[in-house]
Amino acid sequence: MTYTMMQVCRKLNMTYQTLKFYCNEGLVPNVKRDANNRRIFDERDLKWLEGLSCLKKCGMSIAEMQEYTKLCLEGKSSIPRRKEMLSEKQVCLRESIKEIEACIDFIDYKQNFYDEVLSGVRPYTSNLLRLDDEE
């Protein structure tokens, strides 16, 4: 089965501009064209594009995605370098998760603090306002 650019965009929840940009930047190297010279995509292209979308969400730059694509086109011999690239992104993502978890912990603490203040369990204090009972 083949897909038009618009069908791919709908299927992958991707903008037309993004898909066109990826194609123009060489990130989708095996794109075929129909009789009217319009790009058409097959299932393998869709799987590749899903992977590219994930790599973008992982924080990979276009240049890194181009390098990754180039390595993939080299075949099996480039697997060690590809693994290294993915490992580097994984380390960054795990750091981001730690930062996000710390933010969630802070919000949990503040929500609990506000619940306790509103229920009368704890007096209200502020780091911004000087309250009369603090003087």
Side-chain angles (χ1 to χ4, degrees):
M1 176 161 200
T2 61
Y3 303 91
T4 65
M5 285 189 65
M6 289 307 295
Q7 289 171 323
V8 170
C9 291
R10 280 193 294 275
K11 198 165 181 69
L12 300 182
N13 195 28
M14 180 182 283
T15 67
Y16 185 88
Q17 292 80 7
T18 297
L19 179 55
K20 187 174 179 182
F21 179 77
Y22 282 3
C23 290
N24 290 341
E25 292 298 311
L27 294 173
V28 192
N30 297 318
V31 174
K32 289 137 299 288
R33 298 210 177 238
D34 66 11
N36 295 315
N37 203 33
R38 286 178 270 187
R39 292 179 179 103
I40 53 172
F41 304 83
D42 60 23
E43 293 295 331
R44 291 176 64 181
D45 297 322
L46 264 62
K47 289 288 187 196
W48 177 252
L49 284 161
E50 285 175 343
L52 285 179
S53 292
C54 185
L55 294 176
K56 185 66 177 164
K57 289 175 189 173
C58 290
M60 225 181 235
S61 69
I62 295 300
E64 289 171 317
M65 290 166 63
Q66 288 169 326
E67 175 68 13
Y68 185 80
T69 301
K70 180 178 153 277
L71 290 169
C72 288
L73 289 170
E74 290 176 13
K76 190 176 176 180
S77 65
S78 68
I79 288 175
R81 176 61 187 127
R82 287 186 265 165
K83 284 182 55 77
E84 184 181 318
M85 287 180 78
L86 294 175
S87 181
E88 290 167 5
K89 286 300 165 196
Q90 189 177 52
V91 168
C92 291
L93 288 170
R94 291 192 192 285
E95 279 302 312
S96 294
I97 288 170
K98 287 179 188 174
E99 291 172 6
I100 290 168
E101 286 175 341
C103 292
I104 290 170
D105 289 346
F106 172 77
I107 290 173
D108 287 344
Y109 164 79
K110 292 305 278 187
Q111 291 285 30
N112 186 54
F113 170 78
Y114 294 143
D115 287 343
E116 289 177 354
V117 168
L118 291 173
S119 68
V121 173
R122 171 188 284 215
Y124 178 66
T125 58
S126 172
N127 293 321
L128 295 177
L129 303 173
R130 181 169 291 283
L131 303 174
D132 292 336
D133 59 314
E134 290 181 346
E135 298 181 51

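Values below: every heavy atom of this structure, side chains too, minus hydrogens, waters and symmetry copies.
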First locate atom [atom1] of [X], then atom [atom2] of [Y], and finally report the distance between them rounded to the nearest 0.5 Å.
X     : Y     : atom1 : atom2 : value
Ser78 : Glu84 : OG    : CD    : 12.0 Å
Ile40 : Met1  : CD1   : CE    : 11.5 Å
Arg82 : Ser87 : CZ    : OG    : 15.0 Å
Leu49 : Tyr22 : CG    : OH    : 8.5 Å
Cys92 : Ile97 : SG    : CD1   : 11.5 Å
Asp45 : Leu52 : CG    : CG    : 10.5 Å

State, with a plain yes or no, whether a side-chain heavy atom of [X] is found less than 4.5 Å away from one of [Y].
X      : Y      : result
Glu25  : Gln66  : yes
Val117 : Phe113 : yes
Met65  : Ile62  : yes
Arg39  : Arg33  : yes
Lys32  : Thr2   : no

Could you check Arg38 against Met5 for side chain to side chain contact (heavy atoms under 4.5 Å, CB included), going step by step and ending with a plain yes or no? CA-CA 8 Å; Arg38 286 178 270 187; Met5 285 189 65; over 6 Å; no
Is the backbone of Arg44 close enough, under 3.5 Å, to the side chain of Asp42 for a donor and an acceptor to pair up by distance? yes
Do NZ/NE/NH1/NH2 and the carboxylate oxygens of Arg81 and Glu74 come within less than 4.0 Å? no
Salt bridge or not for Glu101 and Lys98, using N-O below 4.0 Å? no
If you look only at distance, which donor and acceptor atoms sit under 3.5 Å apart when one is on a side chain in residues 8-21 and the other is two or more places apart or in another chain?
unit_1: Thr15; atom_1: OG1; unit_2: Thr18; atom_2: N; d: 3.0
unit_1: Thr15; atom_1: OG1; unit_2: Thr18; atom_2: OG1; d: 2.7

Hydrophobic clusters here meaning ILVMFWY residues chained together by side-chain heavy-atom distances under 4.5 Å, can you tell me if [X] and [Y] are in one?
X      : Y      : value
Leu118 : Leu131 : no
Met85  : Val91  : no
Leu86  : Leu71  : yes

Atom [atom1] of [X]: over 12 foreign heavy atoms under 6.0 Å:
X     : atom1 : value
Asn36 : CG    : yes
Lys57 : NZ    : no
Arg94 : CZ    : no

Do you see a donor-acceptor pair shorter than 3.5 Å between the side chains of Glu116 and Asn112? yes
Using the ring of each side chain (for Trp, its six-membered ring), is Tyr68 parallel, tilted or perpendicular to Trp48, with breaks at 30° and 60°? parallel
If you look at every heavy atom in Cys23 and Val31, which pair is closest and at what distance? SG-CG2, 4.0 Å
What heavy-atom pair brings Leu46 and Tyr3 nearest, and what distance separates the two atoms? CD1-CD1, 3.7 Å
